[in-house]
Amino acid sequence: MKELSFFDWKIRLQDNLMTVTDTSTKKMVIMEGALELNAMIWIDEENEMQIKPTWDCVISINAKDMILTIRHSENVFNNRD
């Protein structure tokens, strides 16, 4: 798993996932490879995290520590990172 920052949040992603962040709109696109969109996250006008998954995934939210973890569901159910 790799970890990166997204404003006040820590984002943990599987190693094979890539991100593109637009800080002016507070949006991050999560991709696997160059073409496959996996998810989009953003901070809305109320400063709340919004998540739009586009694939079969497990999203874990630790609001206390402000950590968002995104993993393929097959990896979760097969006990892989």
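Closest approach of Arg71 to Ser60, counting heavy atoms only: NH2-OG, 3.7 Å. Closest of all the heavy-atom pairs between Ala39 and Thr54 is N-OG1, 3.7 Å. The two residues Trp42 and Lys52 have their closest heavy-atom pair at CZ3-CB, 3.9 Å. Between Lys27 and Phe6, the closest heavy-atom pair is C-CE1, 3.8 Å. Between Ser73 and Asp56, the shortest heavy-atom distance links the atoms OG-OD2, 2.8 Å.
Looking only at distances, a side-chain donor or acceptor of Gln14 sits under 3.5 Å from a matching main-chain atom of His72. Checking side-chain atoms of Lys2 against main-chain N and O of Leu17 turns up a donor-acceptor pair under 3.5 Å. A donor-acceptor contact shorter than 3.5 Å links the side chain of Asp44 to the backbone of Glu46.
Two different hydrophobic clusters hold Ile67 and Leu4 under the rule that ILVMFWY side chains link at heavy-atom gaps under 4.5 Å.
Atom-to-atom distance recorded for Leu13:CG and Thr19:OG1 is 6.5 Å, nearest 0.5 angstrom. With rounding to the nearest 0.5 angstrom, the CE atom of Met18 is 10.0 Å from the CG atom of Asn16. Rounding to the nearest 0.5 angstrom, the gap separating the CZ atom in Phe7 from the CE atom in Met28 is 8.5 Å. The CE atom of Met49 sits 4.0 Å away from the CD1 atom of Ile43 when rounded to the nearest 0.5 Å. Summarising the geometry, atom CD1 belonging to Ile70 is positioned 12.5 Å from atom CZ belonging to Arg12; distances are rounded to the nearest 0.5 Å.
Taking the side chain as every heavy atom from C-beta outward, Thr69 and Met1 approach each other to under 4.5 Å. The shortest side-chain heavy-atom distance between Leu68 and Ile59 falls under the 4.5 Å cut-off.
Applying the side chain to side chain contact (heavy atoms under 4.5 Å, CB included) rule to Asp22 yields the partners Ser24, Thr25; only residues at least two apart in sequence or on another chain are considered. Here Asn78 pairs with Glu74, Arg80 under the side chain to side chain contact (heavy atoms under 4.5 Å, CB included) rule; sequence neighbours left out.
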Verdict with reasoning, Trp9 to Ile61, per side chain to side chain contact (heavy atoms under 4.5 Å, CB included): CA-CA 10 Å; Trp9 286 81; Ile61 302 169; 4.1 Å; yes
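Heavy atoms from other residues, nucleotides or ligands lying under 6.0 Å from CG of Asp8 number 12 at most.
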